Amino acid sequence: MTQLSPAQKPAAGATAEPTAKPVKDNPKSLYGGTSSRRITVRDIAAAKERGEKWPMLTAYDAMTASVFDESGIPVLLVGDSMGNCHLGYESTVPVTLDEIAILSAAVVRGTKRALVVADLPFGSYQEGPVQALRSATRLVKEAGAGAVKLEGGERSAHQVELLVSSGIPVMAHVGLTPQSVHAYGGYPVQGRGEEAAQQLLRDAKAVQDAGAFAVVLEAVPAELAAEVTRSLHIPTVGIGAGVECDAQVLVWTDMAGFTAGRVPRFVKQYLQLRELLGGAAKAFAEDVVGGAFPAEEHTFH
Ligand code: KIV
């Protein structure tokens with residue numbers, strides 16, 4: 001296991017022992033709390049101080065987002081995973097800023113309470129901080145997102161810094177960064193081995209120091225994710241990063257069993273939506289072909 005240097009150790013009080021009341025009894029809880037106003041990044045920071053865990057899901061349209069919002073999911077990510085899950089691309093790489101802006105606006109319209117985080121797609125921030133600011137401004141101003149997300153640790157720290165100093169909250173994303181699929185040649189687990197683990201710690205620390213309010217850890221060994229979580233004062237949001245992260249995120253179509261074919265090992269499916277929806281479509285088709293639909297109660301005279 002990686003040893004933390006004194007510089008990497010959490011500052012006193014930075015990683016509070018869980019002192020929160022049970023989530024359901026705490027009116028301020030991100031999940032299960034009673035406040036109906038929109039969640040902000042200050043609420044997220046307070047949850048880390050309370051040692052409270054919270055859930056995040058992706059959403060790409062107003063109707064699905066409204067279901068998650070009504071279910072109390074406090075943070076919704078309009079992820080560039082929309083490329084694979086919603087727009088029919090093979091990866092997140094082709095997703096454009098226009099597509100993210102349109103779907104983020106829909107998710108904002110469909111929600112009342114959730115903090116909506118809009119992803120900066122590939123090619124919309126890599127040129128540098130000014131390009132990142134131009135792109136992020138569109139997502140906050142046109143789409144109404146409350147925060148943006150971008151991939152990269154040390155390599156994206158300057159972008160994070162300018163966005164944050166311009167008033168745009170940033171969620172960072174380190175470990176496996178799917179926009180680099182062509183460089184990886186796939187989606188390999190990250191942070192294995194001493195050198196890679198140290199780089200991941202540096203990446204997480206760099207985005208925290210640049211002002212990010214949270215950081216996604218994707219496809220990282222659980223022990224390393226736990227170490228990163230302990231050493232940061234901002235929350236970690238795990239996906240394939242073990243149970244010790246402060247928050248957990250899943251792509252909603254994976255979580256609901258809507259995605260076709262195999263899903264990654266870290267996904268838990270809470271529903272078999274693909275099968276259910278297919279069954280409903282077949283039942284409708286059979287009613288039409290057999291003349292059972294429309295029935296009298298669906299008919300005007
Ligand atoms: O685009 C996305 O959905 C994401 C999450 C998987 C973190 O980046």
Side-chain angles (χ1 to χ4, degrees), residues 18 20 22-24 29-33 39 44 47-48 51-61 63-86 91-92 107 111 113-117 119 149 151 171 173-178 181 184 186-192 200 214-229 235-280:
V23 168
K24 62 180 172 16
S29 291
L30 292 183
Y31 175 74
I39 304 281
I44 305 279
K48 172 96 182 185
E52 179 188 318
K53 287 177 177 267
W54 46 273
M56 173 165 116
L57 282 173
T58 64
Y60 317 111
D61 69 278
M63 207 182 294
T64 313
S66 73
V67 173
F68 297 154
D69 197 43
E70 285 162 14
S71 307
I73 302 294
V75 186
L76 292 178
L77 170 67
V78 189
D80 61 358
S81 51
M82 68 172 65
N84 321 61
C85 309
H86 194 73
S91 74
T92 62
V107 169
T111 54
R113 179 174 181 266
L115 170 66
V116 177
V117 181
D119 232 349
K149 179 170 85 58
E151 293 186 2
M171 178 180 280
H173 183 156
V174 302
L176 176 68
T177 49
V181 58
Y184 295 136
Y187 297 97
V189 173
Q190 299 294 299
R192 284 196 167 136
L200 191 96
V215 57
V216 172
L217 304 181
E218 179 161 353
V220 170
E223 298 76 10
L224 177 60
E227 199 170 335
V228 174
T229 302
T236 56
V237 185
I239 175 160
V243 74
E244 301 283 323
C245 294
D246 298 294
Q248 297 290 332
V249 57
L250 282 177
V251 167
W252 90 259
T253 52
D254 291 346
M255 177 281 294
F258 198 15
T259 305
R262 285 185 54 197
V263 290
R265 172 176 163 196
F266 56 73
V267 169
K268 179 170 176 182
Q269 294 189 312
Y270 290 84
L271 183 70
Q272 290 305 320
L273 182 58
R274 196 172 186 81
E275 216 174 292
L276 286 173
L277 202 53

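All values below come from the heavy atoms of this structure, side chains included, with hydrogens, waters and symmetry mates left out. All of these numbers come straight from a predicted model, not from anything done at the bench.
Asp69 places no side-chain N or O within 3.5 Å of a backbone atom of Thr111 that could act as its donor or acceptor partner. Of the possible donor and acceptor atoms, none in the side chain of Lys268 sits under 3.5 Å from a partner among the backbone N and O of Leu250. Side chain of Gln248 to backbone of Gly242: a donor-acceptor contact under 3.5 angstrom is found. Tyr60 places no side-chain N or O within 3.5 Å of a backbone atom of Gly83 that could act as its donor or acceptor partner. In terms of modelled atom types and a separation under 3.5 Å, the side chain of Thr92 and the main chain of Ser81 share no donor-acceptor contact. A donor-acceptor distance shorter than 3.5 angstrom exists from the side chain of Thr259 to the backbone of Asp254, with no hydrogens or angles considered. Between the side chain of Glu218 and the backbone N or O of His173, no donor-acceptor pair lies under 3.5 Å.
For Lys48 against Thr229, the heavy-atom pair with the smallest separation is NZ-O, 3.1 Å. Listed here is the closest heavy atom pair of Pro235 and Asp246: CA-OD2, 3.2 Å. When every heavy atom of Pro55 is checked against every heavy atom of Tyr31, the shortest pair comes out as CD-CB, 3.9 Å. Heavy atoms only, all atoms of each residue included: Ala214 and Val237 are closest at CB-CG2, 4.4 Å. Contact between Gly238 and Ala241 at its shortest, heavy atoms only, is CA-CB, 4.0 Å. The shortest non-hydrogen separation linking Asn84 to Ser91 is ND2-CA, 3.5 Å.
Of the inter-residue distances, the one linking Leu30 atom CG with Arg113 atom CZ reads 7.0 Å to the nearest 0.5 angstrom. Rounding to the nearest 0.5 angstrom, the gap separating the CG atom in Leu271 from the CD atom in Gln269 is 9.0 Å. Between the NZ atom of Lys149 and the CG atom of Leu77 there is a distance of 5.5 Å, given to the nearest 0.5 Å. Atom OG1 of Thr64 sits about 8.0 Å away from atom NE2 of His86, to the nearest 0.5 Å. Interatomic distance, CG of Leu217 versus CD of Gln190, reported as 12.0 Å (0.5 Å rounding). Distance check: Met255 CE to Thr58 OG1 gives 8.0 Å after rounding to the nearest 0.5 Å.
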Please assess Glu151 against Asp80 for the test side-chain contact (heavy atoms from CB on, under 4.5 Å), listing each intermediate value before the final yes or no.
CA-CA 11 Å; Glu151 293 186 2; Asp80 61 358; 4.2 Å; yes

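Between Pro74 and Leu115 there is no side-chain heavy-atom pair separated by less than 4.5 Å. Taking the side chain as every heavy atom from C-beta outward, Tyr187 and Pro264 never approach each other to under 4.5 Å.
Under the 30°/60° scheme for interplanar angles, the aromatic rings of Phe258 and Trp252 are found to be tilted.
Counting heavy-atom neighbours within 6.0 Å of Glu275 CD, excluding the residue itself, gives a total of 12 or less.
Checking Val174, Val215, Val220 one by one against Thr236, the side-chain contact (heavy atoms from CB on, under 4.5 Å) holds for a single residue, Val215.
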